[in-house]
Amino acid sequence: MLDQRFDPAEAEPRLYKAWEDQGCFKPSGDTSAQAYSIVIPPPNVTGVLHMGHALNNTLQDVLIRFERMRGKNVLWQPGTDHAGIATQMVVERKLAQDGNQDRRSMGRDAFVDRVWEWKEESGGAIVGQLKRLGASCDWSKEAFTMGDRNDPDNSMMRAVTKVFVELYKKGLIYRDKRLVNWDPHFQTAISDLEVDQREVPGHYWHLRYPLADGVTYMHPVKDEDGNVVDQEMRDYIVVATSRPETMLGDTGVAVHPEDPRYAGLIGKFVELPIVGRRIPIIADEYADPDKGSGAVKITPAHDFNDFEVGKRAGHTPLNILNATAHIVDGGEADEAGIPAEYRGLERFEARKKVVEAFEAAELLQEIENLKIEQPFGDRSNVVIEPWMTDQWYVDAKTMAEPAIAAVKDGKTKFIPENWEKTYFNWMENIQPWCVSRQLWWGHRIPAWYDEDGNAYVALSEAEAQAEAGPDKKLVQDEDVLDTWFSSALWPFSTQGWPDKTPDLDTFFPTATLVTAFDIIFFWVARMMMMSLEFMGEVPFKDVYIHALVLDEKGQKMSKSKGNAMDPLELIDEYGADALRFTMGRMAGQGRNIRLSKQAVEGNRNFATKLWNAARFAEMNECGAPGEIDFGKIESPVNRWILSELTQCAADVTKGIEDYKFNEAAGALYKFIWNTLCDWYLELIKPLLAGMDDAAKQETRMVCGYVLDESLKLLHPFMPFVTEELWDRRAEGRAADKGFLMHQSWPSIEVFTDEAASNEINWVIDMITELRSLRNDLGVPAGTKLPLTLVNAGAEIENRAMTHEDVLKRLARLEDISMTDTTPDGAVTAVIGETMSALSVADIVDIDEARKRLDKELAQLDKDITSTEKKLSNEKFVSRAPAEIVEENRERIVDWTARREKLKVARKGLEGL
RNA sequence: GGGCGGUUAGCUCAGUGGUAGAGCACUACGUUGACAUCGUAGGGGUCACAAGUUCGAACCUUGUACCGCCCA
């Protein structure tokens with residue numbers, strides 16, 4: 001006997017373990033079947049499961065379980081990525097907490113060992129969390145972007161090295177000195193995408209740069225409204241900056257070539273305060289006449305725009321910051337002419353001191369308070385500095401071309417389609433991809449330098465040495481590769497590439513990538529580029545972009561806002577099935593998900609409802625019949641539920657195939673709750689309790705069958721409760737057929753029986769309307785009333801007699817009788833097409849009965865009038881499709897007949 | 001500045017041209033040997049606004065307003 005309710009906390013771990021122990025997640029290996037593969041977007045090895053993961057992996061698991069049941073040879077490839085900065089950060093922090101040496105004093109090898117130890121002990125917690133969610137990944141193939149520490153020859157490592165070397169040989173990787181986003185905290189370059197542009201309160205300092213050589217000019221003076229009222233003579237030019245300390249590295253001042261105010265100054269010089277350097281005033285369209293003073297200081301070594309301006313003007317960038325964002329010392333400081341008291345100052349200290357110096361020299365014109373956009377490292381939360389360094393770059397522009405073409409040609413499709421635009425927009429404006437990072441945790445760059453600084457890029461040190469010649473002393477590049485460089489290879493590196501393996505043959509390219517939009521740039525684009533370059537094929541046919549999970553108020557969840565919901569807490573409280581089904585029901589295309597606890601609770605209730613339906617089946621000996629022959633089913637209610645079931649199967653299948661998860665989940669919810677539980681189980685109760693053994697047997701069989709098929713259809717969304725019920729119901733099943741997750745997906749052929757549907761829908765309408773009438777009249781819930789049908793006609797009378805038990809039970813009727821004349825002392829109503837009289841005697845509110853009829857009559861009058869008007873419109877009749885016109889005509893007929901009967905009923909109430 | 005999306009019941013959202021829907025919340029009533037994590041019934045909407053196309057618009061077009069997000 002089933003318990004009163006499902007206990008997810010007990011059942012879920014047990015079921016997951018059973019699946020895993022039996023190897024249920026491995027591909028079937030059936031090579032005659034179509035292969036279907038998904039690679040998981042590898043979560044950070046430092047990560048913990050958040051709502052985004054929960055959604056992302058639920059949807060993947062729905063697809064995977066669905067296709068597995070459809071008989072495909074299915075692989076869901078799991079794994080984690082090594083998350084260069086994040087992991088290094090975690091381990092460094094841990095070292096500090098434990099009072100150990102920092103990484104620099106312990107040395108590179110020892111530190112990297114320490115990171116591996118951390119990874120093995122506490123990394124990958126998220127894997128266990130994915131299991132709690134029910135993810136049916138093939139864990140025997142779990143991969144890691146850094147490969148296997150104990151196997152230096154592992155393919156994940158070799159893949160990265162091979163790709164780097166080959167791209168270098170093709171000229172698609174090169175070394176260059178450019179500005180990068182420099183994180184002074186981690187002392188590494190980071191990508192644009194790891195930089196958060198945040199709007200913060202800041203200042204514009206308006207600085208006066210004195211003109212050199214005694215030059216003066218007339219500058220317009222404006223009044224409060226901005227009108228020019230006067231001219232004044234100036235011996236300085238004003239520049240505005242939010243970073244005054246960078247002036248130490250200024251190489252010029254730019255004005256717009258067509259700005260009349262400064263036309264005479266172009267080619268003149270200013271004498272840079274503090275450092276005393278003479279720098280030119282140049283014309284460049286970058287200077288915006290409407291912004292600030294219209295003149296802008298140029299610091300090529302510390303600003304991306306200035307870098308370009310400086311290049312155009314032929315300036316040599318002057319670097320004034322070191323790797324920790326302190327003012328330089330030594331040769332570089334000498335070159336820039338930086339006074340001793342500024343050297344070695346931290347950047348914000350230097351800023352303060354520069355401003356003070358300008359103030360003291362009466363060169364500080366104004367401090368404007370305003371919001372400024374400032375770049376922050378998304379991991380370090382410190383202000384990022386544009387900084388000149390030598391880095392390795394991938395020629396992304398060249399590699400993007402085939403990746404753009406592949407989507408244009410439809411080889412890879414985005415769903416929803418409009419994300420293509422985002423992809424194209426980014427790909428078409430792609431910048432060189434800086435792939436080197438000044439970290440220790442990651443794939444070491446396979447480049448060696450001789451003493452003259454010549455680089456040798458090779459698969460191994462020995463090869464590099466061979467290339468350089470025996471006399472050269474080589475040193476390997478200190479840097480590692482960007483984590484995304486290795487995850488870009490994920491769809492094929494996880495399948496054994498560069499070796500030619502059966503898995504690679506079978507599971508590459510993958511079927512679908514499931515991800516959120518924010519990773520299109522990070523990852524999708526890069527996988528496209530790398531797969532096309534090295535495999536000659538797109539990595540996946542479909543890219544399904546799902547929503548973000550927001551809180552109830554529609555805000556992004558974040559730890560700092562404190563509005564984050566923990567999926568594991570929700571799983572603890574309501575079960576993984578409830579969370580998954582909630583995600584599925586809300587995963588409509590192109591819309592974000594606002595998650596609330598209430599929603600999850602509602603879906604937990606849905607699981608309980610299903611559980612109790614199974615309990616009902618158990619109590620009534622509705623076993624597990626396996627396949628049944630629809631042709632032999634006789635009773636209308638059973639034929640009706642089979643047609644509803646098959647329609648549901650078709651809808652669920654279509655929904656998942658089209659990535660319309662909400663439609664699939666919605667169809668299941670509606671079928672199981674509103675059709676199966678609310679009606680079918682109620683309608684069959686008299687049959688199950690009745691004396692007709694044949695009907696009873698048939699009903700038991702159909703009920704059991706429908707329940708089992710429902711479990712199959714629901715399984716991809718709610719794997720645990722369905723598997724548990726499948727197992728608990730196994731007793732009646734002919735043979736042990738194993739796990740539900742390995743059953744065949746139901747057929748999508750829809751079984752229809754219009755006559756049965758009409759009959760059952762009549763019963764349902766009858767009951768609904770009688771209940772509504774009783775409620776409106778204020779009939780006490782427990783009171784049984786006699787019902788009389790007046791002039792109902794043979795078909796209706798037959799139906800009423802056939803379904804007498806059900807009608808009596810569900811509409812609380814004393815009995816049902818037929819008559820030709822309206823009985824006295826009864827309240828009459830029109831139910832369906834039938835005048836019906838409920839003998840309610842004095843227990844009802846006759847006023848309410850009249851009101852009810854008046855209301856309905858008024859509504860009918862309105863509907864009839866407006867439809868008549870429509871039909872009298874010649875244009876409607878001539879232009880609208882014939883079936884629509886016909887439909888409206890039929891409506892009029894039906895409504896008019898109903899109105900006549902209502903009028904009679906209303907008249908009957910006059911005397912009461 | 002460029003792009004994308006949204007605006008439908010108190011809330012969260014379905015609804016791609018033909019009688020406005022669901023879940024939650026709310027109100028009333030609870031009886032039936034699956035289920036109170038439940039059942040039955042009910043109230044509640046100028047589909048943001050304006051103009052247009054159409055026999056007919058929540059849906060198509062244009063514009064406006066407001067709200068998100070992405071990119072620069």
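To find a chain, count down the sequence lines: A is the first, B the second, and so on, and within it residues start at 1. Just so it is clear, the values below take in all heavy atoms, side chains as well, and ignore hydrogens, waters and symmetry mates.
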Participant: Checking all strands, does A:Arg891 fall into the base, sugar-phosphate, or nothing category for heavy-atom contacts under 4.0 angstrom?
Facilitator: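 If one applies the 4.0 Å heavy-atom cut-off, A:Arg891 turns out to touch a base.
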Participant: Regarding A:Glu601, tell me which of base, sugar-phosphate or nothing describes its non-hydrogen contacts under 4.0 Å with the strands shown.
Facilitator: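 The residue A:Glu601 makes no contact with any strand.
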Participant: What does A:Thr768 touch in the nucleic acid at a heavy-atom separation under 4.0 angstrom: a base, only the sugar-phosphate, or nothing?
Facilitator: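 Answer is sugar-phosphate: A:Thr768 comes under 4.0 Å of backbone atoms only.
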Participant: If I pick the P atom on B:G10 and the same atom on B:C26, what distance separates them, to the nearest angstrom?
Facilitator: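 To the nearest whole Å, 15 Å.
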Participant: If you take atom types as modelled and just measure distance, does the side chain of A:Arg771 reach the base of B:U40 with a donor-acceptor pair under 3.5 Å?
Facilitator: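 Checked by distance alone, the answer is no.
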Participant: Looking at A:Asp303 and A:Arg243, is there a salt bridge between them, counting it only when a charged N and a carboxylate O are closer than 4.0 Å?
Facilitator: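 A salt bridge links A:Arg243 with A:Asp303.
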Participant: I'd like the P distance from B:C24 over to B:C66, given in whole Å.
Facilitator: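 Their P atoms lie roughly 36 Å apart.
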Participant: Rounded to the Å, how far apart are A:Met1 CE and B:G33 C1'?
Facilitator: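 Nearest whole value for this atom pair: 10 Å.
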Participant: Measure from the side-chain N and O atoms of A:Glu12 to the backbone N and O of A:Ala576, and report whether any donor-acceptor pair falls under 3.5 Å.
Facilitator: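 Indeed, once roles are kept as given, a pair shorter than 3.5 Å links the two residues.
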Participant: Under 4.5 Å between any side-chain heavy atoms of A:Arg580 and A:Phe717, yes or no?
Facilitator: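 Side chain of A:Arg580 against side chain of A:Phe717, heavy atoms only: no contact under 4.5 Å found.
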Participant: Between atom CD in A:Glu814 and atom C1' in B:U31, what is the gap in whole Å?
Facilitator: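 It works out to 14 Å between those atoms.
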Participant: Compare side-chain N and O positions of A:Ser772 against OP1 and OP2 of B:G42 and report whether any pair is under 4.0 Å apart.
Facilitator: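 Indeed, a polar side-chain atom of A:Ser772 lies that close.
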Participant: Taking atom C1' of B:G23 as reference, at what distance in whole Å does atom CD1 of A:Ile672 sit?
Facilitator: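 Whole-Å distance recorded here is 16 Å.
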Participant: Does a side-chain N or O from A:Asn605 land closer than 4.0 Å to OP1 or OP2 of B:C38, or not?
Facilitator: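 Answer is yes, contact under 4.0 Å.
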Participant: Any salt bridge between A:Asp658 and A:Lys654, counting N to O under 4.0 Å?
Facilitator: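 A:Lys654 and A:Asp658: salt-bridged.
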Participant: Using a 6.0 Å distance limit plus a 45 degree cone around the ring axis, check whether A:Arg178 lies over the aromatic ring of A:Phe307.
Facilitator: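 No, A:Arg178 does not lie over the aromatic ring of A:Phe307.
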Participant: Return no unless some side-chain N or O of A:Lys609 is found under 4.0 Å from OP1 or OP2 of B:G39.
Facilitator: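 Checking B:G39 against A:Lys609, a side-chain N or O does come within under 4.0 Å of OP1 or OP2.
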Participant: Using whole Å, what does the distance between atom C1' of nucleotide B:G33 and atom CZ of A:Arg615 come to?
Facilitator: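 Value for this atom pair: 10 Å.
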Participant: Is the phosphate of B:A34 approached by A:Lys685 (side-chain N or O, under 4.0 Å from OP1 or OP2)?
Facilitator: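 So the side-chain polar atoms of A:Lys685 do come within 4.0 Å of the phosphate oxygens OP1 or OP2 of B:A34, strictly under.
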Participant: For a quick test of reading the model: is some side-chain N or O of A:Trp673 closer than 4.0 Å to OP1 or OP2 of B:G39?
Facilitator: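 It does, given that an N or O in the side chain of A:Trp673 lies less than 4.0 Å from OP1 or OP2 of B:G39.
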Participant: Which whole-number value in Å describes the distance from A:Phe661 CZ to B:A14 P?
Facilitator: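 Atom-to-atom, A:Phe661 to B:A14, this comes out as 15 Å.
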Participant: Does A:Lys408 qualify as a cation-pi partner of A:Phe424, given the criterion of NZ or CZ under 6.0 Å from the six-membered ring centre and within 45 degrees of its axis?
Facilitator: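 Output yes; distance and angle both within limits.
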Participant: In whole Å, what separates the C1' atom of B:C69 from that of B:A34?
Facilitator: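 It works out to 46 Å between them.
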Participant: Please state how far atom NZ in A:Lys862 lies from atom P in B:U19, giving the value in whole angstrom units.
Facilitator: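 One finds 15 Å between P of B:U19 and NZ of A:Lys862, rounded.
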Participant: Across the strands shown, which category fits A:Arg604 at heavy-atom distances under 4.0 angstrom: base, sugar-phosphate, nothing?
Facilitator: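 Base contact.
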Participant: Given atom NZ of A:Lys670 and atom P of B:A14, what is their separation to the nearest angstrom?
Facilitator: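 Result: 17 Å.
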Participant: Does this structure show an ion pair linking A:Lys808 with A:Glu814, if we count only N-O contacts that are shorter than 4.0 Å?
Facilitator: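 No, this pair does not count.
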Participant: Ion pair present between A:Glu601 and A:Lys597, side-chain N to carboxylate O less than 4.0 angstrom?
Facilitator: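 A salt bridge is absent here (no side-chain N lies under 4.0 Å from a carboxylate O).
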Participant: Inspect the contact between A:Lys413 and A:Glu417 and indicate whether a charged nitrogen and a carboxylate oxygen are less than 4.0 angstrom apart.
Facilitator: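 Looking at A:Lys413 together with A:Glu417, the answer is no, because their closest N to O distance does not fall below 4.0 Å.
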Participant: Please state the P separation for the pair B:A51 and B:G68 - nearest whole angstrom.
Facilitator: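 It comes out at 28 Å once rounded to the nearest Å.
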Participant: Using a 4.0 Å heavy-atom cut-off across all strands, classify A:Asn873 as base, sugar-phosphate, or nothing.
Facilitator: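 Touches sugar-phosphate only.
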Participant: In whole angstroms, how far is the P atom of B:G21 from the CG atom of A:Asn662?
Facilitator: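 Whole-Å distance recorded here is 19 Å.
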Participant: On a whole-Å scale, what distance lies between the C1' atoms belonging to B:U31 and B:A41?
Facilitator: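 Each nucleotide's C1' atom is 14 Å from the other's.
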Participant: Is there, by distance only and without an angle test, a donor paired with an acceptor across the side chain of A:Gln4 and the base of B:A36 below 3.5 Å?
Facilitator: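 Per atom types, no contact qualifies.
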Participant: Please map the stems of RNA chain B, keeping only stretches of three or more Watson-Crick or G-U wobble pairs with both distances under 3.5 angstrom.
Facilitator: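 Ordered by first number, the stems with RNA chain B (at least 3 consecutive pairs each) read B:1-7 with B:65-71, B:10-13 with B:21-24, B:26-30 with B:38-42, B:48-52 with B:60-64.
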